[in-house]
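Model, not experiment: these values are computed from the prediction. If you read the sequence from its start, that first residue is 1, and numbering goes on from there.
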Amino acid sequence: MSPYESEPVDRLVTASADGEDQAVEAALRPRMLEEFIGQERVREQLSLVLQAARQRGAAPDHVLLSGPPGLGKTTLSMIIAAELNAPIRITSGPAIQHAGDLAAILSSLTEGEVLFLDEIHRMSRPAEEMLYMAMEDFRVDVIVGKGPGATAIPLELPPFTLVGATTRAGLLPPPLRDRFGFTGHMEFYAPAELERVVHRSAGLLDVEIDPAGAAEIAGRSRGTPRIANRLLRRVRDFAQVRHDGLVTREIAARALEVYEVDARGLDRLDRAVLEALLKLFGGGPVGLSTLAVAVGEESETVEEVAEPFLVREGLLARTPRGRIATAAAWQHLGLTPPPSTRAPRGAQPELWADGQA
């Protein structure tokens, strides 16, 4: 299971979306490709694919979008349909557990329609195999009857465009990946791009915000627009109730301090893991289960929820001997590493400060 799939949605900095997020995102989503912020390379490549298809008067190649949640895969799928002036059908891999489920969806598609299949890597194998023929030949074989008397009836499909989204492209079998004519990998956003996202969302939500306030929110958003929009809504509430409604850097910082999101985007769980690693175990190495007991969480929660972001930020490293804190972790928490701290054998030297090796 992907760490993104197991991340609880009650964390303010989770990239997963609950019902409230989905409702707000529907109002904040850009409608056309030129309005989409960030992902410059994917946006340019996708623009060429769509423009060429419109000029030919044909359905574009099937599109695969991969990357962590909250970066805009669903938004891009809706933009593809809008750019093609075509209807869109939305479903997900976990919802398709039988080949018959997929056959029912495919047989009801109209010509040129866009089928968005979220978390495509979680689709069942029988449905996956049926999808091969549907994508390549626009045809599916419907099995009628059982046993020796069963017969396959070919069903022709109108040309359609499949847009698949996945957080784990490596789990897709090669035959399925090869049938996508265009693959776009979504990257985490730079702070400057997130500032533009925050400003755009603030305008749509009627929130008065200055550039410094937008920069403060963007810097704590873990490179993810969904998190930036969620933090903006919480800061808006704080500014409305405690102040005059204007979001400045100071007000944004104070608001996110109330919600326990620090300047680097770490929340309570992230800091608990780091503090246990540094204060109780001298920076490690320490085993995962021991670290989980120290913070009062399950091992899976620490490994799949907290560690991915800490590793990406260069605050924690995984080694064969256990988890170790980096020099950046000591610095972030304002702690001084003990003189006896040594870089464990096999650790990367650049992760350690000069006086530690």
Side-chain angles (χ1 to χ4, degrees), residues 1-9 14-18 21-22 25 29 33 36 38-46 49-50 59-81 88-99 101-102 105-106 109 113-136 160-189 222-227 300 303-305 307-309 311-312:
M1 179 179 291
S2 166
Y4 308 119
E5 294 162 16
S6 63
E7 194 168 1
V9 296
T14 180
S16 302
D18 58 12
D21 287 322
Q22 293 170 355
E25 284 175 3
R29 281 193 175 108
L33 205 55
F36 190 87
Q39 310 296 339
E40 299 292 341
R41 182 62 59 84
V42 173
R43 191 176 63 180
E44 180 182 6
Q45 295 171 345
L46 192 55
V49 171
L50 297 179
D61 290 337
H62 303 298
V63 176
L64 177 65
L65 301 173
S66 66
L71 300 185
K73 296 188 293 296
T74 301
T75 298
L76 276 181
S77 71
M78 294 183 175
I79 288 176
I80 290 173
I88 183 171
R89 188 83 55 92
I90 299 176
T91 186
S92 65
I96 301 177
Q97 293 303 311
H98 306 283
D101 300 333
L102 180 62
I105 294 173
L106 293 174
L109 293 176
E113 189 167 355
V114 174
L115 173 61
F116 175 57
L117 189 51
D118 198 12
E119 296 300 328
I120 190 173
H121 65 274
R122 298 176 63 187
M123 189 169 49
S124 69
R125 181 54 60 86
E128 192 177 89
E129 293 175 351
M130 173 178 284
L131 194 57
Y132 297 162
M133 184 179 298
M135 293 173 67
E136 193 165 31
F160 69 95
T161 298
L162 174 67
V163 180
T166 177
T167 56
R168 305 191 70 184
L171 292 185
L172 291 179
L176 181 56
R177 283 202 307 268
D178 293 344
R179 283 169 169 78
F180 286 98
F182 171 77
T183 300
H185 181 72
M186 312 286 281
E187 303 284 353
F188 286 104
Y189 280 56
R222 300 183 179 228
T224 306
R226 177 176 289 157
I227 297 176
E300 292 79 6
E303 183 177 26
E304 298 175 359
V305 176
E307 282 189 353
F309 179 68
V311 171
R312 180 162 65 86

Are E128 and R125 close enough, and set up right, to give a side-chain contact (heavy atoms from CB on, under 4.5 Å), and what steps lead you there?
-> CA-CA 5 Å; E128 192 177 89; R125 181 54 60 86; 3.1 Å; yes

Report the C-alpha separation of L106 and L115 in whole Å, then their side-chain angles, then the decisive distance to 0.1 Å, and conclude whether the side-chain contact (heavy atoms from CB on, under 4.5 Å) test is met.
-> CA-CA 9 Å; L106 293 174; L115 173 61; 3.9 Å; yes

List the steps and the verdict of side-chain contact (heavy atoms from CB on, under 4.5 Å) for I96 and I105.
-> CA-CA 10 Å; I96 301 177; I105 294 173; 4.2 Å; yes

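Using a 4.5 Å heavy-atom threshold, the side chains of F180 and I120 count as touching. Proximity of I90 to D118: side-chain heavy atoms (C-beta onward) are nowhere separated by under 4.5 Å. Under the 4.5 Å side-chain criterion, counting only non-hydrogen atoms from C-beta, L162 is in contact with L131. The side-chain heavy atoms of F188 and R312, taken from C-beta on, include a pair separated by under 4.5 Å. At a threshold of 4.5 Å between non-hydrogen side-chain atoms, the residues L102 and T91 do not count as touching. Side-chain contact between L76 and V63 is absent, with no heavy-atom pair separated by less than 4.5 Å. Within the 4.5 Å cutoff, no side-chain heavy atoms of S77 are placed close to those of V114. Within the 4.5 Å cutoff, the side chain of F116 has no heavy atoms near those of the I80 side chain.
Taken to the nearest 0.5 Å, the CD atom of E40 stands 4.0 Å off from the CZ atom of R43. Taken from OG1 in T161 to CE in M135, the straight-line distance is 10.0 Å, to the nearest 0.5 Å. Between the CG atom of L117 and the CG atom of L65 there is a distance of 12.0 Å, given to the nearest 0.5 Å. In this structure, R122 CZ and Q97 CD are separated by 8.5 Å, a value rounded to the nearest 0.5 Å. Here L171 contributes atom CG and L176 contributes atom CG; the two are 11.5 Å apart, rounded to the nearest 0.5 Å. The CD1 atom of I88 lies 5.5 Å from the CE atom of M78; values are rounded to the nearest 0.5 Å.
Partners of E136 according to the side chain to side chain donor-acceptor pair (under 3.5 Å) rule, which considers only residues two or more places apart in sequence or in another chain, are R179.
Shown here for P69 and T167, the closest heavy-atom pair between the two residues is CD-CG2, 3.8 Å. Heavy atoms only, all atoms of each residue included: V42 and F182 are closest at O-CZ, 4.2 Å. What you find for G170 and R177 is that their closest heavy atoms are O-NH1, 4.1 Å. Minimum interatomic distance between G181 and D61 (heavy atoms only, all atoms of both residues): CA-CB, 3.7 Å. Closest approach of T75 and R29 over heavy atoms only: OG1-NE, 3.0 Å. Minimum interatomic distance between E187 and Q39 (heavy atoms only, all atoms of both residues): O-NE2, 2.6 Å.
Within the structure, side chain to side chain donor-acceptor pair (under 3.5 Å) contacts touching residues 62-73 (residues at least two apart or in different chains) are S66-H185.
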